S.K.: 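Sending over a structure as structure tokens; questions will come in a sec.
Just follow the structure's listing: the first ligand is 1, and inside any ligand the first atom is 1. Values below: all heavy atoms of this structure, side chains included; hydrogens, waters and symmetry mates excluded. The structure displayed is predicted, hence computed values, not measured ones.
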Amino acid sequence: MRILLVSSEALPFAKTGGLADVATGLSKALSNAGHEVVLALPCYRRHIDELARGERIGQVEVAMKSRRVKADILETTLDESPLRVWLIDQPNYFDRGSLYVEGGLDYADNSERFLFFSRAVLEAARNQYLLPDVIHANDWQTGVIPAIVSQQLRHTADFANVGTAFTIHNMAFHGAFPAHDMALTGLPQKFFNWRQMEFYGQLNLLKTGIAFADMVTTVSPTYAREICTSQYGCGLDPVLSDCGDRLVGILNGVDPEEWNPEIDPLIPENYTLESVDVGKAACKSALQQQLGLAENPKALLFGMVSRLTDQKGFDLIAEKADAILQADVQFVFLGTGEERYENLLRDLQERYPGKVSANIGYNEQLAHQIEAAADAYLMPSRFEPCGLNQQYSHVYGTPPIVHATGGLADSVIDATDENLEERLANGFVFNKYQSDDFLEAVWRAVGMFQHHPEDWKRLQQAGMSRDWSWDQSADKYVKVYEQAISRTRSE
Ligand code: ADP
Ligand code: GLC
């Protein structure tokens, strides 16, 4: 199958969150399975180093209102992978300091930037740089793609049976813009209606993707159900409920070349399930030393690597950190985001020297070191479409403590007696998003860590021995692509 996967971020080129891991992990898995895959993303400033390896394969031009805007299509590859990568090079839009935001504010022309990107990728495909069987768009930045394919390109012979899949990584980000930005889509005004592209008077690019895609997916089966409810649907639940079997949940995977304690070059000691005790002890003591934590092997070290937003459960941590810190525990946090949470973490570090390490910033190596060094991982998210760090934690033998929502519910099995007996349990789960329920799960973890090391070992074994790789999920995406293509045939 020829697959064009379009994303606003992808490792190692550009990343603000899990989308970058997913775009590359899935593309690689599809390509390793023998499909012909092109991964397309904007050429941001950071790519400039990579360009030495890339080659200009052509140029496209898109009419943005009355202006004609050009972009070069640069093609590069990833080491040892047959995957092709297109970088859409338009410096006025993308040669900037960051991806979406500057000084805490979204770039004022974000709709124009990503509508251009989406349209430029389709132009490149039309110019036959790749004639795909299916186009897989991700999140609002590429939400217009299914609309253009179904309403314009499909009238041409080459695109008559090109299917579209649209993946929602987070319902909280709608890509909502003023109504007059409709003119930047190149689509007729008639689509600006409440069933398709309009939402409360604005152009809504997430809704556009959902409305026009042949198949809609999201990143876990539980989140697929949740977003059809008013609690999680962010206002678009009626549109999602209408999708019926057009909406599918597929759990994200883990890229074993990036997250694998056996070969990870970013951690001080590599280990496997057989050597997990020794390996993690070495990583833990190195990190305690590096971050100025007390070098106490017995203290349960909780790790957390996260965007600092309301989504991720920091209000529960704020409420219960003092209680938890009365026990023989330590916290290591890594994250950036909302100032109130940055201050919360700094304040904890100040009040509990040697027990709390607050690392405000973005640091790939430290993220890996934390997964390897921590004894347990905190992910009490209010909602979580999939979540990757709980899966990375399984792989690194670091049982996660999670709220039963979205992909957390689909990947963490609670340490009940029964689940432990059956060797299924791999972490700690609390059902209600309430601080007392969170605390109860934390105490269960502390109790087991201190008094029942054999049970703890079972959690690690269950997490480390399961296959979290992309292979199974990639197979599921291929089925979705086949369904998308067959829908174009029955139109
Ligand atoms: P989300 O996409 O909602 O942020 P995910 O769990 O899907 O959450 O993915 C987050 C990804 O970003 C993980 O790979 C995580 O390690 C990484 N990450 C988040 N914050 C940081 C940070 N401050 N430094 C390094 N990596 C980070
Ligand atoms: C989003 C979600 C996260 C998910 C990621 C990749 O950022 O918040 O749960 O893992 O996308 O799909």
S.K.: Show which atoms of ligand 2 fall inside a sub-4.0 Å distance from at least one heavy-atom site of Leu19.
M.R.: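 Atoms satisfying the 4.0 Å criterion: 6 (C).
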S.K.: Do the ring planes of His136 and Tyr481 sit parallel (below 30°), tilted (30 to 60°) or perpendicular (above 60°)?
M.R.: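 Correct class here is perpendicular.
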S.K.: Are Glu350 and Arg346 ion-paired here, with the side-chain N under 4.0 Å from a carboxylate O?
M.R.: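 Answer for the salt bridge query: no.
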S.K.: Which heavy atom of the protein is the closest neighbour of atom 4 (O) of ligand 1, given with residue, atom name and distance?
M.R.: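 Answer, as residue, atom name and distance: Arg307 NE, 2.7 Å.
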S.K.: Any idea which heavy atoms bring Ser31 and Pro82 closest together, and the distance?
M.R.: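 Distance-wise, the nearest heavy atoms are OG-CG, 3.2 Å.
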S.K.: Got the closest protein heavy atom to atom 8 (O) of ligand 1, with its distance?
M.R.: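 So the nearest neighbour among protein heavy atoms is Lys312 NZ, 3.1 Å.
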S.K.: Flag the pair Tyr396 / Ile267 as yes when at least one side-chain heavy-atom distance between them is below 4.5 Å, and no otherwise.
M.R.: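 A side-chain contact exists here, since the closest heavy-atom pair is under 4.5 Å.
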S.K.: Taking non-hydrogen atoms only, is Asn363 closer than 4.0 angstrom to ligand 1 via side chain, backbone, both or neither?
M.R.: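 Within the 4.0 Å criterion, Asn363 contacts ligand 1 through backbone atoms alone.
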S.K.: Mark up the atoms of ligand 1 that fall under 4.0 Å of a heavy atom belonging to Asp21, in ascending order.
M.R.: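 With Asp21 as reference, the close atoms of ligand 1 come out as 14 (O).
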S.K.: Quick one: which ligand 2 atoms are inside 4.0 Å of a heavy atom on Pro385?
M.R.: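 Heavy-atom distances to Pro385 below 4.0 Å select 2 (C), 8 (O), 9 (O).
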S.K.: For the side chain to side chain contact (heavy atoms under 4.5 Å, CB included) test, which of Asp310, Leu316, Thr405 pairs with Arg382?
M.R.: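 One option only clears the test, and that one is Asp310.
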S.K.: Would you say Cys386 has any N or O atom under 3.5 Å from an N or O of ligand 2, going by distance alone?
M.R.: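 Yes - when backbone and side-chain N and O of Cys386 are compared with those of ligand 2, one distance drops under 3.5 Å.
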S.K.: Give the numbers and elements of all ligand 1 atoms closer than 4.0 Å to a heavy atom of Ser306.
M.R.: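 In order of numbering, the contacting atoms are 20 (N).
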S.K.: Look at the side chain of Thr24 and the backbone N and O of Leu11, then say whether any donor-acceptor pair between them is shorter than 3.5 Å.
M.R.: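 Present.
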S.K.: Considering only non-hydrogen protein atoms, determine which one is nearest to atom 6 (O) of ligand 1 and report residue, atom name and distance to 0.1 Å.
M.R.: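 Ranking protein heavy atoms by distance from atom 6 (O) of ligand 1, first comes Leu388 N, 2.8 Å.
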S.K.: Checking the side chain of Gln391 only, and the main-chain atoms of Asn252 only, is there a donor and an acceptor separated by less than 3.5 Å?
M.R.: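 Here the side-chain-to-backbone pair exists.
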S.K.: Please list the nearest protein heavy atom to atom 10 (C) of ligand 1 with its residue and the distance rounded to 0.1 Å.
M.R.: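 Answer, as residue, atom name and distance: Gly18 N, 3.7 Å.
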S.K.: Considering only the protein, which heavy-atom contact is closest to atom 18 (N) of ligand 1, and what is its distance?
M.R.: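 In this structure, atom 18 (N) of ligand 1 has Val305 CG1, 3.9 Å as its nearest protein heavy atom.
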S.K.: Any N/O of Asn252 closer than 3.5 Å to an N/O of ligand 2?
M.R.: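 Yes: some nitrogen or oxygen of Asn252 is under 3.5 Å from one in ligand 2.
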S.K.: Could an N or O of ligand 2 be found under 3.5 Å from any N or O of Gly387, whether backbone or side chain?
M.R.: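 N/O-N/O distance below 3.5 Å exists for this pair.
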S.K.: Atoms of ligand 2 less than 4.0 Å from Val22 heavy atoms?
M.R.: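 Going through ligand 2 atom by atom, the ones under 4.0 Å from Val22 are 6 (C), 12 (O).
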S.K.: Note the single closest protein heavy atom to atom 2 (C) of ligand 2, along with its residue, its atom name and the distance in Å.
M.R.: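 Among all protein heavy atoms, the one nearest atom 2 (C) of ligand 2 is His169 O, 3.2 Å.
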S.K.: Do Tyr232 and Phe383 pass the ring-ring contact (aromatic ring centres under 6.0 Å, His included) test, and can you show the C-alpha distance, the side-chain angles, and the key distance before you say yes or no?
M.R.: CA-CA 8 Å; Tyr232 291 95; Phe383 68 93; 7.1 Å; no
S.K.: Checking a contact table here: which protein heavy atom is nearest atom 16 (O) of ligand 1, and how many Å away?
M.R.: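 For atom 16 (O) of ligand 1, the nearest protein heavy atom comes out as Asn389 ND2, 3.3 Å.
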S.K.: Tell me which protein heavy atom sits closest to atom 14 (O) of ligand 1, plus the residue, atom name and distance to 0.1 Å.
M.R.: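 Protein heavy atom at minimum distance: Lys15 NZ, 2.8 Å.
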S.K.: Once you restrict to heavy atoms under 4.0 Å, what part of Cys386 touches ligand 1? Side chain, backbone, both or neither.
M.R.: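 No part of Cys386 comes within reach of ligand 1.
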S.K.: Kindly indicate, with the supporting measurements, whether the criterion ring-ring contact (aromatic ring centres under 6.0 Å, His included) is fulfilled by Tyr100 and Phe114.
M.R.: CA-CA 10 Å; Tyr100 316 118; Phe114 291 102; 5.7 Å; yes
S.K.: Any idea which atoms of ligand 1 are less than 4.0 Å away from a heavy-atom of Tyr392?
M.R.: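 This gives 14 (O) as the contact atoms.
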S.K.: Can a salt bridge be assigned to the pair Asp245 and Arg487 using a cut-off of 4.0 Å between side-chain N and carboxylate O?
M.R.: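 Judged by the 4.0 Å cut-off on N to carboxylate O distance, Asp245 and Arg487 do form a salt bridge.
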S.K.: So is Gly361 close enough to ligand 1, meaning a heavy atom under 4.0 angstrom away?
M.R.: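 Right, Gly361 reaches ligand 1.
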S.K.: Could you state the interatomic distance from OG1 (Thr217) to CD (Gln483), rounded to the nearest 0.5 Å?
M.R.: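 Separation between the atoms: 11.0 Å.
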S.K.: Which protein heavy atom lies closest to atom 22 (C) of ligand 1, and at what distance to 0.1 Å?
M.R.: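 That would be Tyr362 CD1, 3.4 Å.
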S.K.: Closer than 4.0 Å to some heavy atom of Val219 - which atoms of ligand 2 meet that?
M.R.: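 Result: 12 (O).
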S.K.: Of all the atoms in ligand 2, which lie at a distance below 4.0 Å from a heavy atom belonging to Asn170?
M.R.: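 Selected atoms, number and element: 8 (O).
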S.K.: To the nearest 0.1 Å, how far is atom 9 (O) of ligand 2 from its closest protein heavy atom, and which atom is that?
M.R.: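 Heavy-atom neighbour on the protein nearest atom 9 (O) of ligand 2: Glu384 OE2, 2.5 Å.
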S.K.: Could you tell me how the ring of Phe94 sits relative to the ring of Phe117: parallel (under 30°), tilted (30 to 60°) or perpendicular (over 60°)?
M.R.: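 Rings of Phe94 and Phe117: perpendicular, as their planes differ by over 60°.
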S.K.: Please indicate whether Glu319 has more than 12 foreign heavy atoms, meaning atoms of other residues, nucleotides or ligands, lying under 6.0 Å from its CD.
M.R.: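 Atom CD in Glu319 is crowded, with more than 12 foreign heavy atoms closer than 6.0 Å.
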S.K.: Does any part of the side chain of Phe302, heavy atoms only, come nearer than 4.5 Å to the side chain of Val446, both counted from C-beta?
M.R.: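 They are in contact (side-chain heavy atoms under 4.5 Å apart), so the answer is yes.
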